[in-house]
There are 2 protein chains.
Amino acid sequence: MVPENILNAYQASVEKYKKDEVIFEENDNAHHYFQIHQGQVKMNNYNENGKEFIQGIFYAGDSFGEPPLFADIKYPAAAVALEDSLIYKLSKPKLINLLEEQPKVHFHITERLSKRLFYKSLMASEISSEEPEHRIVSLLHFLKKHVHHLKDHEEFEVDLKRQQIADLTGLRVETVIRACKNLEKKNKIRIIKRKIFF
Amino acid sequence: MVPENILNAYQASVEKYKKDEVIFEENDNAHHYFQIHQGQVKMNNYNENGKEFIQGIFYAGDSFGEPPLFADIKYPAAAVALEDSLIYKLSKPKLINLLEEQPKVHFHITERLSKRLFYKSLMASEISSEEPEHRIVSLLHFLKKHVHHLKDHEEFEVDLKRQQIADLTGLRVETVIRACKNLEKKNKIRIIKRKIFF
DNA sequence: AATTCAACTTGACTGAAATCATAAACTAAA
DNA sequence: TTTAGTTTATGATTTCAGTCAAGTTGAATT
């Protein structure tokens with residue numbers, strides 16, 4: 001996350017995206033750094049059968065889609081606004097220039113990439129080897145600890161639809177529903193008015 | 001990848017690890033930067049039932065296990081030498097100092113993290129939504145393009161055992177064997193003396 | 001209050017990969 | 001050239017998440 005005054009100093013623009021508007025597509029070349037001022041963004045893929053996989057969901061303050069700015073690769077997934085959003089946009093050359101001049105900001109970006117990698121490692125091993133209930137609990141635990149910055153014993157309301165949980169964990173929505181009911185029975189989560197608390 | 005003369009200038013040590021020796025464990029705190037001088041290293045997890053998942057395999061010149069040096073997280077996986085190896089080891093404070101003084105090296109690290117993230121994004125969507133054959137082809141394609149730096153039409157010998165392919169793609173070894181036989185029938189890979197060519 | 005629409009739910013059935021068991025092929029060492 | 005150990009291979013069976021088809025619930029809009 002680059003401080004907004006610095007983004008402004010380097011002439012970042014602020015772009016409006018409507019809910020469901022595509023910010024970039026899978027396999028596009030990257031030309032800009034993106035950081036959310038207001039709103040929510042998901043990065044996702046669709047396979048041949050139309051099944052969605054959500055690589056991540058990003059919130060105000062988060063940057064997304066940085067890797068192709070730093071390595072010779074294309075976007076591995078698309079980015080789509082989940083709600084009407086305001087997003088800082090800074091051209092690649094200006095970003096590189098910024099990072100050269102502001103080493104501290106470069107370390108912030110490095111930290112951000114590291115955390116994304118941590119999440120990916122976690123979910124990779126979960127998706128590859130664990131049962132539905134375990135995958136879901138791991139996702140919720142990650143959200144509690146690393147997104148909401150809460151302790152284990154603190155409870156939070158999960159701001160995800162069943163379908164989104166499915167698309168983040170590689171499951172189907174019916175499986176998520178059934179697994180969540182089981183987790184409720186086992187007192188691992190609470191469900192109040194269909195909302196999940198963990 | 002940090003140039004070796006720079007590593008030496010910052011007093012990195014070179015450590016010997018025997019085949020199968022553990023370099024660090026899952027959930028350990030990170031204190032050092034690691035870069036392979038000679039040999040091979042894998043990072044992996046085991047689930048409760050003993051099933052292995054390989055997060056990645058690293059070769060001479062590669063660094064590994066950087067993220068917990070930059071973010072407040074533990075190692076998401078263990079690191080194990082796949083053969084007798086010589087590995088540069090640099091303490092975290094010295095690394096940070098190095099990156100502050102050598103911005104170009106910092107950009108190398110950023111590039112490296114970005115490429116890892118790309119691989120992870122790719123495999124995540126594959127593992128979550130694709131059939132065995134598709135997963136295997138995607139892995140091989142990644143290896144051809146991003147590890148061996150070959151064009152699509154160029155062929156290379158895959159230096160992975162069936163079990164390793166299974167552990168990288170979240171499949172079981174029997175499934176990999178059967179999928180590979182199918183891929184051979186479809187002329188998508190060649191198998192000569194049990195070695196896979198792609 | 002009626003209508004619409006998205007999100008969630010449930011039950012029945014299916015199928016593909018996991019599992020299990022066993023063996024063949026290869027490799028390296030004694 | 002045996003032997004021991006690893007890797008690859010194959011068939012039979014099982015299992016559990018996926019699929020399909022139908023609801024229900026609840027919130028928003030007319």
Side-chain angles (χ1 to χ4, degrees), chain A residues 19-20 42 46-54 57 82-84 125-139 157-185 189-197, chain B residues 19-20 42 46-54 57 80 82-84 125-139 157-185 189-198:
Chain A
K19 181 170 174 358
D20 297 325
K42 71 175 170 185
Y46 293 94
N47 76 357
E48 310 76 63
N49 312 317
K51 189 186 175 190
E52 180 174 6
F53 177 71
I54 299 181
I57 296 180
L82 287 175
E83 15 176 278
D84 292 356
S125 80
E126 285 292 329
I127 291 175
S128 94
S129 6
E130 301 288 0
E131 312 146 343
E133 292 180 28
H134 197 287
R135 293 194 209 182
I136 293 169
V137 171
S138 286
L139 173 68
E157 183 185 330
V158 180
D159 176 34
L160 291 172
K161 301 186 199 312
R162 304 288 190 275
Q163 184 65 58
Q164 290 179 316
I165 295 176
D167 295 340
L168 284 160
T169 54
L171 298 167
R172 310 253 56 159
V173 68
E174 297 94 330
T175 305
V176 169
I177 286 163
R178 290 188 254 252
C180 285
K181 301 237 146 172
N182 274 329
L183 289 170
E184 191 192 17
K185 266 188 212 155
I189 64 173
R190 295 202 299 150
I191 302 180
I192 298 165
K193 286 218 234 175
R194 299 175 151 200
K195 287 272 164 203
I196 295 169
F197 293 82
Chain B
K19 181 171 172 3
D20 296 325
K42 71 174 170 186
Y46 293 95
N47 76 357
E48 309 75 63
N49 311 316
K51 188 185 176 192
E52 181 175 4
F53 176 71
I54 300 180
I57 297 180
V80 182
L82 286 175
E83 16 177 277
D84 292 356
S125 80
E126 286 291 328
I127 291 174
S128 94
S129 10
E130 300 290 357
E131 313 148 342
E133 292 180 27
H134 197 287
R135 294 194 210 182
I136 294 169
V137 170
S138 286
L139 173 68
E157 184 184 328
V158 179
D159 177 33
L160 292 171
K161 300 186 199 312
R162 304 290 190 274
Q163 184 65 59
Q164 290 180 315
I165 295 176
D167 295 340
L168 284 161
T169 53
L171 299 166
R172 310 252 59 158
V173 67
E174 298 94 329
T175 305
V176 169
I177 286 163
R178 289 188 255 252
C180 284
K181 301 236 145 171
N182 273 331
L183 289 169
E184 191 194 16
K185 266 189 212 153
I189 64 173
R190 294 202 300 150
I191 302 180
I192 298 165
K193 286 216 236 175
R194 300 176 150 201
K195 287 272 164 203
I196 294 168
F197 293 83
F198 177 77

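No hydrogens, no waters, no symmetry mates; every other heavy atom, side chains included, goes into these values. Protein chains get the first letters and strands the later ones, always in sequence-line order, with residue 1 at the start of each. Predicted model only: the values in this text are computed from it and were never measured.
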Report summary line: Separation of dT19(C) atom P from Glu131(A) atom CD, nearest Å, is 11 Å

Query raised in the report: Salt bridge or not for Lys42(B) and Glu52(B), using N-O below 4.0 Å?
Result: yes

Report summary line: In the 5' to 3' direction, the nucleotides of DNA chain D bounding the stretch that comes under 4.0 Å of a heavy atom in chain B are dT7(D) to dA12(D)

Query raised in the report: When rounded to the nearest 0.5 angstrom, what is the spacing between OG in Ser128(B) and CZ in Arg135(A)?
Result: 8.5 Å

Report task. Could you check how far CG of Asp20(A) sits from P of dA6(C), rounded to whole Å? Result -> 11 Å

Query raised in the report: Reckon Lys181(A) has a side-chain N or O less than 4.0 Å from the OP1 or OP2 of dT10(C)?
Result: yes

Query raised in the report: Just checking Arg162(B): base, sugar-phosphate only, or nothing, at a heavy-atom cut-off of under 4.0 Å?
Result: sugar-phosphate

Report summary line: 5'-most contact on DNA chain D (nearest-nucleotide basis), Arg135(A) vs Arg194(A), goes to Arg135(A)

Query - Spacing of CZ belonging to Phe198(B) relative to CD belonging to Glu157(B), to within rounding of 0.5 Å - result: 14.5 Å

Query raised in the report: Does Leu171(A) or Ile191(B) map to a spot on DNA chain D nearer the 5' end, using the closest nucleotide for each?
Result: Ile191(B)

Query raised in the report: Checking side-chain contact (heavy atoms from CB on, under 4.5 Å) against Leu139(A), which of Thr169(A), Ile127(A), Val158(A) comes through?
Result: Thr169(A)

**Report entry** Criterion salt bridge (charged side-chain N to carboxylate O under 4.0 Å, His left out) on Lys181(B) and Glu133(B), from CA distance to verdict
**Finding:** CA-CA 10 Å; Lys181(B) 301 236 145 171; Glu133(B) 292 180 27; over 6 Å; no

Query - Of the listed nucleotides dG11(C), dT9(C), dA7(C), the one nearest the side chain of Lys161(A) - result: dA7(C)

Query raised in the report: Taking atom C1' of dA17(C) as reference, at what distance in whole Å does atom CD of Glu130(B) sit?
Result: 15 Å

Query raised in the report: Rounded to the nearest Å, what distance is computed from the CD1 atom of residue Ile177(B) to the P atom of nucleotide dA25(C)?
Result: 14 Å

Report task. Please tell me which of the listed nucleotides, dC8(C), dA25(C), dT10(C), lies nearest to the side chain of Glu174(A)? Result -> dT10(C)

Report summary line: Here the distance between atom C1' of dA6(C) and atom CG of Leu160(A), to the nearest Å, is 17 Å

Requested in this report: Could you check how far CG of Asp167(B) sits from P of dA17(C), rounded to whole Å?
Outcome: 17 Å

Query raised in the report: Taking atom CD1 of Ile196(B) and atom CG of Leu160(B), what is their separation to the nearest 0.5 Å?
Result: 8.0 Å

Report summary line: One should read off an interatomic distance between Cys180(B) SG and Ile136(B) CD1, to the nearest 0.5 angstrom, of 4.5 Å

Query raised in the report: Separation of Arg172(A) atom CZ from dG11(C) atom P, in whole Å?
Result: 21 Å

Query raised in the report: Please give, in whole Å, the distance from dC8(C) P to Glu184(A) CD?
Result: 14 Å

